[in-house]
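Taking it in order: structure first as structure tokens, then the write-up.
Excluded from the calculations below are hydrogen atoms, water molecules and symmetry mates; all remaining heavy atoms, backbone and side chain alike, are included. So that the names make sense, note that chain A is the first sequence line, chain B the second, and so on, each numbered from 1. Model, not experiment: these values are computed from the prediction.
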2 protein chains.
Amino acid sequence: MVSIKDIARKAGVSISTVSYALNGSPKVTDETSAKILAIAKELNYVPNAAARNLKKRETKIIGAFLTDFSGAFYGELLQGMKEGVNRSGYDLIVCSGKQSHLLLPQRMIDGAIILDATFSNEELLKFADLGHKLVVMDRDLDHPNVNQVLLDNKAGATLATEYLIEMGHRKLYVVTGPKDSFDSRQRLQAVKQTVGRIPDIEYIEIEGDFNKSAGELAGKRIAQEYSGPVAVFCLNDEMAIGMYDYLATTDFRVGRDIHLIGFDNIEVSGYTKPRLATIDYSKRKWGMLASEQLIKLIAGDDVDHERIYVTLVKGDSVGQL
Amino acid sequence: MVSIKDIARKAGVSISTVSYALNGSPKVTDETSAKILAIAKELNYVPNAAARNLKKRETKIIGAFLTDFSGAFYGELLQGMKEGVNRSGYDLIVCSGKQSHLLLPQRMIDGAIILDATFSNEELLKFADLGHKLVVMDRDLDHPNVNQVLLDNKAGATLATEYLIEMGHRKLYVVTGPKDSFDSRQRLQAVKQTVGRIPDIEYIEIEGDFNKSAGELAGKRIAQEYSGPVAVFCLNDEMAIGMYDYLATTDFRVGRDIHLIGFDNIEVSGYTKPRLATIDYSKRKWGMLASEQLIKLIAGDDVDHERIYVTLVKGDSVGQL
DNA sequence: TTGTACGCGTTATCAG
DNA sequence: CTGATAACGCGTACAA
């Protein structure tokens, strides 16, 4: 590999002069500087990241950590993050899985955006204590080195629940996410609060895990105990889609017998017929804001926690009772 | 940050002893080794990646480069890659965008898997010439440091075309991908070959770009010039979905008036009604194979180019004429 | 077990 | 005011 040493030799100067020239320091004549730059280009010189990182103690790379790569959901989110970090001269890498957790303490990245259930709160707090900067998008974590950019889950779940009630429904199933999911817990709490304010609502909870299969299973159970029109709030769209899928194999019709609403407004939800009612928010904005907050945190600015607002998307999957 | 120096001081030994102990070298007494490990754990020691990379001239990280993060498509593919690299002690990072191209020559990663149109062939060949190891999944590139793991586009496009012909169709539209897409060109070529073997086929080409909007536009045009049942081969599912979408706003019915087949078998394709006919392949296997090939290449093994086989998924989006 | 020379840039200090 | 010398940063691994 070509290093500054090679350039220095070829240019007949010292390595420090090369370094200064490459970094645009005014300590070098324009003439020598030009010569050095020309040689660098000619030799396809690219500075070795390890050497530079070692000295500068920064990598200008931000890591985004995801529970898995599968979410149809992540595209816009990551796009938003990338725009956010690039704007400040950082690069974004996307990681998943326990093995990649080390990238942070190894100082391979300057900070991390967490949307990844494989991190425990304790682990993150340990990182924060060691001085690493974090933005969390999937939990409530209080630490000077951690900023939160969270969805307004409570508002969303409240909107969804109120919509079902407004449409005349009085028997309500909720299909939850995994018990350890922050989003699920927040949404569930809001549902309970909303339902609690209305008398005479029959409320049934089914435990899910945010995967399609859980929606199918829940659909099966609801079909079995069916005795009249019911409303179902799946706490994410993926499960709602699973339920859709299952119900399509039965005689029950979504929007007539079983009234369905989800959360996230993922792409497929726009293609179901009837259209799945859901809760929408800008995934791109969410990602961008998270990355901007992280960069501020790294720069030493102090930042407040942020909240992403959500809106209701009506759909014929919920009919008037 | 805590370094081996801190550990050495606390343990009352030299830094080299610490290094040996941490690396499990037999050159250190079990006793001292145990003491050192205990101190390391106590201090939350994690080796600095930059320093280690600098010396070892490897990072044990593989980069996967994508044109963008949006493909609903990438989930399984990346999962496959991750499994493949983790198995050999490597880590996977996912990158997108021109700025991240530098990660390779900077030696931030030990090799790259390319599925990214923002890399030109020249750029990749330059990297290969400089000794970097690459696997390409989206082009035909011949170089000792480059391995190809490609879809069997020709088989897929032939299967699709023959299916349409078998179902009795004789007027065939093809909606292409971008002109510079390798997959699009290969698929198109196979279509032409297949069509060429059958007399009396009316064949019309519409230029697309693999995005949903291109499918909508093409659908609009086909609807305008409609004079009787036609078959349409969208060279990827995304465009087929776009066309579906548009046709749903018209009186034309997919599978009766306009017969549609795609390529990729993305998730949404399973939710259209009638089901979109398409070409399927294991995205997970594709990703895993690509990563395995790259790791072999890095290890210096010599590897042959690989091909991923495809199958036809029939669907009622194509009816018998 | 330990001293030490690396790897490759960065930058403070010093000489011309 | 230009440019060279040298001391880092932090692990690794050879020689002693």
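- Residue Val18(A) is out of contact with every strand shown, counting any heavy-atom pair closer than 4.0 Å.
- Of all the residues in residues 31-42 of chain A, not one reaches under 4.0 Å from DNA chain C with any non-hydrogen atom.
- A salt bridge between Asp6(A) and Arg9(A) is present, with a side-chain N of the basic residue lying under 4.0 Å from a carboxylate O of the acidic one.
- Mapping heavy-atom proximity under 4.0 Å, the span of DNA chain C touched by chain B runs 5' to 3' from dT1(C) to dC8(C).
- Partners of Arg87(A) by salt bridge (charged side-chain N to carboxylate O under 4.0 Å, His left out), not counting sequence neighbours, listed by chain and number: Glu292(A).
- A search for salt bridge (charged side-chain N to carboxylate O under 4.0 Å, His left out) contacts involving Arg107(A) returns nothing, not counting sequence neighbours.
- Comparing the helix axis at one end of the helix from dT1(C)-dA16(D) to dG16(C)-dC1(D) with that at the other, each defined from 5 consecutive pairs, gives an inter-axis angle of 60° (nearest 10°).
- A side-chain donor-acceptor contact under 3.5 Å links Asp110(B) and Thr59(B).
- Of the possible polar contacts, none joining the His132(B) side chain to the Leu125(B) backbone as a donor-acceptor pair under 3.5 Å is found.
- Partners of Ala290(B) according to the side-chain contact (heavy atoms from CB on, under 4.5 Å) rule, which considers only residues two or more places apart in sequence or in another chain, are Ile113(B), Val135(B), Met137(B), Val149(B).
- Qualifying side-chain hydrogen bond (donor to acceptor under 3.5 Å, both in side chains) partners for Asn48(A), counting only residues two or more places apart in sequence or in other chains: none.
- With no hydrogens or angles considered, a side-chain donor-acceptor pair links Asp129(A) and His143(A) at under 3.5 Å.
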Task: Summary of protein contacts for nucleotides 10-16 of chain D, nucleotide by nucleotide, where a base hit scores B, a sugar-phosphate-only hit scores S (4.0 Å, heavy atoms) - done: BBBBBB-

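- Between Phe65(B) and Phe119(B), a ring centre-to-centre spacing shorter than 6.0 Å is recorded.
- For the side-chain hydrogen bond (donor to acceptor under 3.5 Å, both in side chains) test, no residue two or more places apart in sequence or in another chain qualifies with Lys98(B).
- Within the nucleic acid shown, Thr29(B) comes within 4.0 Å of sugar-phosphate atoms alone, with no base atom in reach, counting heavy atoms only.
- For Glu306(A), there are no salt bridge (charged side-chain N to carboxylate O under 4.0 Å, His left out) partners two or more places apart in sequence or in a different chain.
- Qualifying side-chain hydrogen bond (donor to acceptor under 3.5 Å, both in side chains) partners for Arg52(A), counting only residues two or more places apart in sequence or in other chains: none.
- For Asp138(B), the side-chain hydrogen bond (donor to acceptor under 3.5 Å, both in side chains) criterion is met by no residue, not counting sequence neighbours.
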